[in-house]
Every structure is written in C-alpha cells, then in structure tokens.
**Q** 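Questions regarding the structure given below will be posed in turn.
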Amino acid sequence: MLDLKFIRDNVGKVREGIKKKNSQADLDEILKLDETRRNLLKEVEVMKAERNRVSKELGVIKSRGEDISGKSAEMKMFSQKIKDIDSEVVDVTQKLDCLMLAIPNIPNEAVPVGLETDNKTVKEWGKKKDFGFKPLPHWELCEKLDIADFKRASKVSGTGFVVFKGNGALLERALINFMLDVHIKEHGYKEIIPPFLVNEASMTGTGQLPNLKEDMYSVDKEGLYLIPTAEVPVTNLYAGEIFPEAELPLYHAAFSACFRKEAGSYGKDTRGMKRIHQFDKVELVKFVVPESSYEEHEKLLSDAEKILQKLGLHYRVRLLASGDMSFAAAKCYDIEVYSPGCNEYLEVSSCSNFEDFQARRANIRYRAQSGKTAYVHTLNASGVALPRTFIAVLENFQMEDGRIAVPEALRPYMGGMAYID
RNA sequence: GGAGAGGUGGCCGAGUGGCCGAAGGCGACGGUUUGCUAAACCGUUGUACGGGCUAAUACCCGUACCGGGGGUUCAAAUCCCCCCCUCUCCGCCA
C-alpha cells in the first residue's frame with residue numbers, strides 16, 4: 001500500500017506508476033474521497049472538542065450535587081449529530097481503504113516501462129548443452145524411469161497434480177535439502193517451516209488479496225487460504241511488530257508446498273510439471289532497512305542464482321518490465337532456467353524488492369537508533385521453485401541410454417547415487 | 001468440543017464511570033558524577049489522523065487509540081453484547 005500523504009503530494013508520480021503497471025486503479029476517486037474525508041474530520045473534530053469540554057464541566061457541576069439534566073439533554077442531541085457524521089466518515093474511509101488497496105506499487109526508475117515483451121535479459125550463465133541426440137521432454141523421462149506419475153495423480157486429485165515416486169521422490173527431497181543447506185550454511189539465512197494455511201489478514205498483508213483471490217485455494221468454512229508461496233506466512237510473521245534496528249537485516253529461508261489454482265492459464269503448459277496446482281518451493285525472505293534494500297536485492301538475486309550454478313544449469317536473468325511485475329513489487333528479476341526437452345526458458349524464481357509496500361500493509365516497522373520508527377523494506381525470491389528445477393535437472397542431465405546423471409552437488413543428498421536409472 | 005482465567009504504551013504492570021493518554025518499574029535517549037566501564041542521581045521518552053505554522057517527519061492546537069466490532073451514557077480502559085487471540089484444566093485425536 002502506498003502512503004496516502006505520498007499519493008496526495010505526488011499525484012503525477014502515482015498516476016504514472018499506475019499506468020506503467022497497467023493497472024486500473026481509480027486515483028481520481030481516491031483523491032476525491034480523501035478530500036471529503038478530511039472535510040468531515042475537520043467538522044466533527046471541532047464538535048468532539050466541544051463535547052469533551054462540556055462533559056468535563058458537567059462532571060464538575062454534578063460533583064457539587066447540582067442538577068445537570070437540562071444541559072445533558074441538550075448534549076444528547078449534540079452527540080447524536082456527532083454520531084451521524086462519524087458514520088459518514090466510516091463510510092468514506094472504507095471506500096477509500098478499499099481503493100487504496102488496489103493501487104499497485106510504483107516501479108523503480110531502473111525498471112523498463114512496458115509489457116512482458118519489454119523484459120530485458122541482463123545476464124546469462126552457462127550455455128545450452130550440445131547433446132548429440134534429441135533430448136526428451138521431462139514427462140517422457142518421468143514415465144520411462146517411473147519417477148513421477150501424472151495419470152495417477154489426476155485420479156486422486158484431478159488434473160494439474162503430480163506424484164513423485166521412488167528416485168523421483170528422492171530427487172525432490174534432495175533438491176529441497178540441498179537448497180536449504182546452501183542458503184542456511186553459506187548465505188546466512190535462518191530456516192523457517194511455516195503454516196501452509198493462513199488467514200485473510202496475512203494474504204492482504206503481502207498483497208495477494210484482494211487482487212489475486214481467483215488464484216487461491218481456500219477453506220471457506222475456517223476462513224483460511226492455502227498459501228501460494230511461503231512469502232505469505234514468513235513475511236506476515238512480523239506483522240504489527242517493531243524490530244530493533246540492530247536485528248536487521250533479517251534473512252529467512254523457508255520450505256513449503258505452494259498451492260495455486262492457475263486460473264486463466266488453462267491450456268498453457270498443460271503437459272508435465274511446468275505448471276501444477278501444488279508444488280514445492282524454498283523461499284527466501286529479507287527484512288532490511290530502507291537504505292540498503294537495493295543492495296540487498298542484488299545479493300538476494302545472487303543467492304538464488306547460486307543454486308542453479310551449483311547444479312550446473314544454464315539460466316538467464318530477466319529484468320521485468322513495469323507491466324509484467326507483480327502488483328506489490330517495485331523491482332523484480334526473474335531467473336529462467338533452460339529446458340532442452342521443451343526448448344524454452346522456465347521461470348524458477350522471481351526476485352523482488354517491495355520497498356515498504358508490504359511493510360505498510362502488514363505494519364512491519366523498525367526502531368532506528370534515533371528512536372524513530374519507520375517501515376522496513378521487504379524482499380523475497382524463490383531459492384528456487386522445485387518443479388521446473390526438477391525438469392531442468394532431468395532434461396539437462398539425460399543421457400542417450402536413458403539414464404539421468406545426478407549433478408555432483410546433489411549426490412551427497414541421494415546417498416551417493418550417481419545415476420537415476 | 002467443554003470449563004475457567006486473561007488481553008493496557010518498546011516491554012512488564014496498576015487502574016471498576018469524569019480530575020486517565022493512562023501510576024509504578026524496565027528499557028531507550030539526554031545530562032551530572034566518573035581515568036574507562038559499571039553504579040547512583042536528575043530529566044526526557046507512544047502511535048495515527050486532521051488543522052495551523054514551516055525548510056522540516058521541528059513546533060503549536062485538536063481528535064482518536066487500553067485485543068477487534070457494536071451498544072448504554074452528557075461522559076467509557078472502566079458497564080453491557082458479539083467476535084478474535086492467549087493461558088490453564090478436562091475430553092477427543094495425529
């Protein structure tokens with residue numbers, strides 16, 4: 001959420017930001033409601049001051065044992081008027097808050113303006129492998145090796161789910177543990193295992209609600225949502241809290257399953273596990289002071305990249321254009337790993353700086369040395385998402401004889417296994 | 001699921017209708033003392049919103065806030081109702 005005062009003082013910038021993000025947010029209505037609200041407040045606060053003054057007097061008079069019934073009847077009417085204006089204020093404020101929640105974060109100046117087609121590749125690591133044979137897509141490899149089962153998964157849960165089996169399950173588990181170990185032992189993150197169901201306040205705090213409601217699974221009876229990413233519970237861990245500055249920056253690494261309806265993407269990436277409703281992910285979340293957030297953003301990106309480097313997977317880094325960034329992000333890099341079986345780059349991480357956008361929504365602050373409180377900056381990145389990494393490992397390390405060579409970095413996590421066959 | 005207790009400022013904790021934005025303590029900040037540190041002593045110390053004045057998030061005024069929402073009252077931290085959360089005990093269960 002943006003600061004209302006900031007919006008008031010920077011109408012041009014905000015309007016431009018909304019446009020860059022391709023958003024429909026109604027800025028004019030917000031400005032109108034804001035003015036109405038302030039006028040009402042001015043009026044009612046003067047009345048309240050009067051009421052407070054008279055009430056105090058009446059207390060004194062009554063304590064002397066004198067009669068106050070006449071004056072008190074008069075004040076009753078006055079109080080009713082106050083109540084009427086107050087309810088108008090509540091009404092206007094609710095409308096205002098609702099519209100405010102729909103205003104996206106403003107893109108950082110370094111972000112290219114435009115749509116998905118304007119994303120820029122800012123880095124490439126490794127290169128496409130020369131196989132000497134036609135590499136198979138992962139769904140064929142999975143079936144041949146019997147390590148993942150899409151048919152049976154759809155029998156128990158419907159389309160868009162997967163079952164890992166045998167060495168496939170082992171590979172999945174190895175990847176999770178490998179990623180966590182790298183981030184915890186080498187990059188200084190503290191591990192978190194969060195709840196996979198969260199309440200509405202948490203979903204609003206990180207900005208998934210109200211805009212992405214359609215894409216979320218919910219348990220309506222309990223008012224809970226299945227998390228689409230560990231970002232939600234981990235960021236909201238500190239909702240309403242104030243960090244001492246000395247505790248920042250705070251780094252968290254969290255494993256979780258993630259649940260996404262992927263509404264509106266039917267017919268896209270339907271084969272295999274490029275886009276599934278439940279997937280595993282290791283998420284990195286940072287809480288930092290505002291001055292350091294862009295420096296921390298670069299470090300975050302390199303922490304996530306490290307995983308693919310250690311696995312020896314060719315990838316590229318894309319700086320997202322304003323219209324392709326998420327609602328809450330100010331700047332975002334996508335890491336895309338190469339899939340030779342599908343011959344395309346697959347997103348495995350979005351590495352975002354939210355500045356104070358989430359912190360303001362979730363009310364996460366820090367107390368500076370000076371004693372002043374201010375909103376922290378929050379950042380997160382997948383470190384990294386499992387299914388597409390799983391795909392990349394299978395497809396990049398497949399051999400002509402049908403076996404998969406296990407990347408060196410994963411072998412210790414698979415009991416020394418060198419090949420999946 | 002049943003019974004009970006409780007939720008007050010950065011933290012702990014007093015406060016059952018007006019003189020309570022809220023005692024006291026801790027912490028933090030400033031100062032005195034001090035070779036340094038510690039201790040002691042003195043002082044300061046909530047947030048949000050609106051308005052005024054501004055270079056200013058400095059200052060002044062006002063309003064609101066004692067888990068959240070509603071009600072009673074001239075007046076609510078305090079009384080009433082609903083909800084949420086925490087703790088203890090019992091039951092059920094992985």
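Model, not experiment: these values are computed from the prediction.
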**Q** Verify the ring-centre separation between Phe287(A) and Tyr238(A): is it less than 6.0 angstrom?
**A** yes
**Q** Report the residue (Arg365(A) or Lys42(A)) whose heavy-atom-nearest nucleotide on RNA chain B is the more 5′ of the two.
**A** Arg365(A)
**Q** Under 6.0 Å between the ring centres of Phe327(A) and Phe357(A)?
**A** yes
**Q** Between A77(B) and G9(B), how far apart are the P atoms? Round to whole Å, please.
**A** 15 Å
**Q** Given the P atoms of G67(B) and G6(B), what is the spacing between them in whole Å?
**A** 14 Å
**Q** Looking only at atom P, what distance separates A14(B) and U54(B), rounded to whole Å?
**A** 48 Å
**Q** Roughly how many Å apart are A58(B) and G46(B), using the P atom of each and rounding to a whole number?
**A** 13 Å
**Q** Is Val46(A) close to Lys42(A) at the side-chain level, that is, under 4.5 Å between some pair of heavy atoms?
**A** no
**Q** Taking Lys306(A) first and then Glu186(A), would you say they form a salt bridge - that is, a charged N and a carboxylate O separated by under 4.0 Å?
**A** no
**Q** Run Thr93(A) and Arg37(A) through side-chain hydrogen bond (donor to acceptor under 3.5 Å, both in side chains) and show every step you take.
**A** CA-CA 7 Å; Thr93(A) 304; Arg37(A) 179 172 167 275; 3.1 Å; yes
**Q** What stem regions, each of at least 3 consecutive Watson-Crick or G-U pairs below 3.5 Å, can be found for RNA chain B?
**A** B:1-7 with B:84-90, B:10-12 with B:24-26, B:27-32 with B:40-45, B:46-52 with B:59-65, B:67-71 with B:79-83
**Q** Below 6.0 angstrom between ring centroids: does that apply to Phe164(A) and Phe390(A)?
**A** yes
**Q** Sticking with atom P, work out how far G18(B) lies from C79(B), rounded to a whole angstrom.
**A** 11 Å
**Q** Could you tell me how far C93(B) sits from C82(B) if I compare only their P atoms? Round to whole Å.
**A** 31 Å
**Q** Is it true that Phe354(A) and His297(A) have ring centroids separated by less than 6.0 Å?
**A** no
**Q** Taking the same atom, C1', in C60(B) and in C53(B), what whole-Å distance lies between them?
**A** 8 Å
**Q** What nucleic acid atoms does Leu41(A) come within less than 4.0 Å of, heavy atoms only: base, sugar-phosphate, or nothing?
**A** sugar-phosphate
**Q** Using the closest heavy atom to pick a nucleotide of RNA chain B for each, name whichever of Asn52(A) or Lys62(A) lands nearer the 5' end.
**A** Lys62(A)
**Q** Looking at Glu16(A) and Lys13(A), is there a salt bridge between them, counting it only when a charged N and a carboxylate O are closer than 4.0 Å?
**A** no
**Q** Do Tyr189(A) and Tyr251(A) make the cut of ring centroids closer than 6.0 angstrom?
**A** yes
**Q** Reading RNA chain B 5' to 3', which nucleotide is the first, and which the last, to come under 4.0 Å of any heavy atom in chain A?
**A** G10(B) to A75(B)
**Q** Assign Lys71(A) to base, sugar-phosphate, or nothing according to its heavy-atom contacts below 4.0 angstrom with the strands shown.
**A** nothing
**Q** Under 4.0 Å, heavy atoms only, any strand: does Arg64(A) hit a base, just the sugar-phosphate, or nothing?
**A** nothing
**Q** Between U78(B) and G7(B), how far apart are the C1' atoms? Round to whole Å, please.
**A** 15 Å
